[in-house]
Amino acid sequence: MIDLAQSYKDAKGYEEFLAEHASDDDRQRWAAVLERVTLDDSQVGRLQQFSRKMKVLVLAGAWCGDCVNQCPIFARFTEANPLVQVRFLDRDDNPDVTHRLQVNGGQRVPVVVFLSDDDHLCGIFGDRTLSKYRAMAADTDPKLDLPDDGRPLLDQVTDEWLNEFERMQWMMRTSGRLRQLHGD
């Protein structure tokens with residue numbers, strides 16, 4: 001059985017992960033997306049309401065296009081609230097974790113694991129958000145009539161990830177077990 005809490009401890013921060021696993025080209029691609037990820041006042045306000053420490057383990061590949069286009073979003077969340085503690089684990093260097101976190105029978109990334117501050121699994125989400133899958137489906141079959149709010153895909157994906165992070169935060173914040181542990 002894979003110990004996800006230990007995997008979190010072994011994982012790297014954003015910059016350390018990129019320094020260890022990314023080529024110069026990879027780092028440039030991640031930096032370009034990070035520059036484009038912006039949070040509006042409402043999004044920052046939502047993140048700043050988080051009062052429970054969140055351990056977030058991201059299984060990723062520095063070379064992966066889906067990771068390039070999503071993982072910088074998590075860095076922005078951490079900037080808005082340091083209680084959101086995101087760490088990255090390389091998919092290829094961690095085959096046991098990769099096998100445990102398969103999505104649809106494959107080694108997909110990114111896969112995000114949410115742990116409570118006392119290391120209990122709260123949720124796993126990956127590898128793409130709904131708006132990204134809608135865009136891919138529409139590209140595959142233009143006859144599909146799928147919702148699209150007209151905003152850039154990166155903005156939609158950012159909102160969807162924020163919703164998932166917020167859902168995990170409120171799960172942890174309202175948990176009877178954690179409320180007892182923290183006396184709140």
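Heavy atoms only: backbone and side chains are in, while hydrogens, waters and symmetry mates are out.
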Donor-acceptor list for residues 107-114 side chains, cut-off 3.5 Å, not counting sequence neighbours:
residue, atom, partner, partner atom, Å
Arg108, NE, Asp127, OD2, 3.2
Arg108, NH2, Asp127, OD2, 3.0

Could you pull out all donor-acceptor pairs under 3.5 Å where a side-chain atom in residues 13-22 meets a protein atom, sequence neighbours excluded?
none

task: Determine, stepwise, if the pair Lys12 / Asp90 fulfils side-chain contact (heavy atoms from CB on, under 4.5 Å).
output: CA-CA 9 Å; Lys12 311 286 185 204; Asp90 183 73; over 6 Å; no
task: Determine, step by step, whether Arg134 and Asp148 satisfy the side-chain contact (heavy atoms from CB on, under 4.5 Å) criterion, reporting the C-alpha distance in whole Å, the side-chain angles of both residues, the deciding distance to 0.1 Å, and the verdict.
output: CA-CA 8 Å; Arg134 283 180 177 156; Asp148 181 354; over 6 Å; no
task: Could you please spell out the steps behind the side-chain contact (heavy atoms from CB on, under 4.5 Å) verdict for Ile2 and His99?
output: CA-CA 10 Å; Ile2 297 300; His99 180 74; over 6 Å; no
- request: Just do the side-chain contact (heavy atoms from CB on, under 4.5 Å) check on Cys67 and Arg91 with the steps written out, would you?
  value: CA-CA 11 Å; Cys67 295; Arg91 183 196 84 172; over 6 Å; no
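Smallest separation of non-hydrogen atoms from Ala137 and Leu146: CB-CD1, 3.9 Å. The minimum heavy-atom distance between Asp92 and Pro95, with the atom names listed, is O-CD, 4.2 Å. Here the shortest heavy-atom pairing between Arg177 and Ser116 reads NH2-OG, 3.7 Å. When every heavy atom of Leu178 is checked against every heavy atom of Asp118, the shortest pair comes out as CD2-OD1, 3.6 Å. The two atoms that bring Trp170 and Thr174 nearest to each other are O-OG1, 2.7 Å, heavy atoms only.
In this structure Asp66 satisfies the side chain to side chain donor-acceptor pair (under 3.5 Å) test together with Arg128, sequence neighbours excluded. For Phe77, the ring pair (Phe, Tyr, Trp, His ring centres under 6.0 Å) partners are Phe165, not counting sequence neighbours. For Arg29, the salt bridge (Lys or Arg N to Asp or Glu O under 4.0 Å) test picks out no residue, with sequence neighbours left out. In terms of the side chain to side chain donor-acceptor pair (under 3.5 Å) criterion, residue partners of Asp117 (sequence neighbours excluded) are, by chain and number, His182.
In summary, the side chains of Arg46 and Asn163 do present a donor paired with an acceptor at a separation below 3.5 Å, with no hydrogens or angles considered. Side-chain contact annotation: Ser23 with Asp26, donor-acceptor N/O pair under 3.5 Å present. Counting only N and O atoms by type, the side chains of Asp119 and Gln6 include no donor and acceptor under 3.5 Å apart.
No side-chain donor-acceptor contact under 3.5 Å links Asn104 to the backbone of Gly106. Side-chain atoms of Gln169 come within 3.5 Å of backbone N or O of Ser51 as a donor-acceptor pair. A side-chain donor-acceptor contact under 3.5 Å links Thr78 to the backbone of Val84. The main-chain N or O of Ala32 is never found under 3.5 Å from a side-chain atom of Glu35 such that the two would form a donor-acceptor pair.
Atom CE of Met54 is separated from atom CZ of Arg173 by 13.5 Å, given to the nearest 0.5 angstrom. Residue Leu57 holds its CG atom at 9.5 Å from CG of Asp10, rounded to the nearest 0.5 Å. Atom OG1 of Thr38 is separated from atom CG of Asp155 by 6.0 Å, given to the nearest 0.5 angstrom. How far NZ of Lys53 is from CG of Leu115: 10.5 Å, rounded to the nearest 0.5 Å. Separating the CG atom in Leu89 from the CG atom in Asn94 is a distance of 3.5 Å, to the nearest 0.5 Å. Lys132 contributes atom NZ, which lies 11.0 Å from atom CG of Leu154 (distance to the nearest 0.5 angstrom).
Transitive grouping of hydrophobic side chains (ILVMFWY, heavy atoms separated by less than 4.5 Å) keeps Leu39 and Leu83 in distinct clusters. Hydrophobic clustering (ILVMFWY, side-chain heavy atoms < 4.5 Å, transitive): Tyr8 and Val86 are in distinct clusters. Hydrophobic clustering (side-chain heavy atoms under 4.5 Å, transitive across Ile, Leu, Val, Met, Phe, Trp, Tyr) groups Leu162 together with Val157. Ile73 and Leu153 fall within the same hydrophobic cluster, defined by Ile, Leu, Val, Met, Phe, Trp and Tyr side-chain heavy atoms under 4.5 Å apart, directly or through other members. Each of Val68 and Leu59 belongs to its own hydrophobic cluster when Ile, Leu, Val, Met, Phe, Trp and Tyr are linked at side-chain heavy-atom distances under 4.5 angstrom.
Contact of the Arg100 side chain with the Ser7 side chain is not registered, since no non-hydrogen atoms from C-beta on lie closer than 4.5 Å. The closest side-chain heavy-atom distance from Val56 to Phe74 is not below 4.5 Å. For the pair Arg76/Leu34, a side-chain contact is recorded, criterion being any heavy-atom separation below 4.5 Å from C-beta on. Counting only heavy atoms from C-beta outward, the side chains of Leu4 and Leu121 approach each other to under 4.5 Å. Arg167 places a side-chain heavy atom less than 4.5 Å from the side chain of Glu164. Considering only heavy atoms from C-beta on, Val58 stays 4.5 Å or farther from Gln70 through its side chain.
Here Arg52 pairs with Asp184 in a salt bridge; the nearest charged N to carboxylate O distance falls below 4.0 Å.
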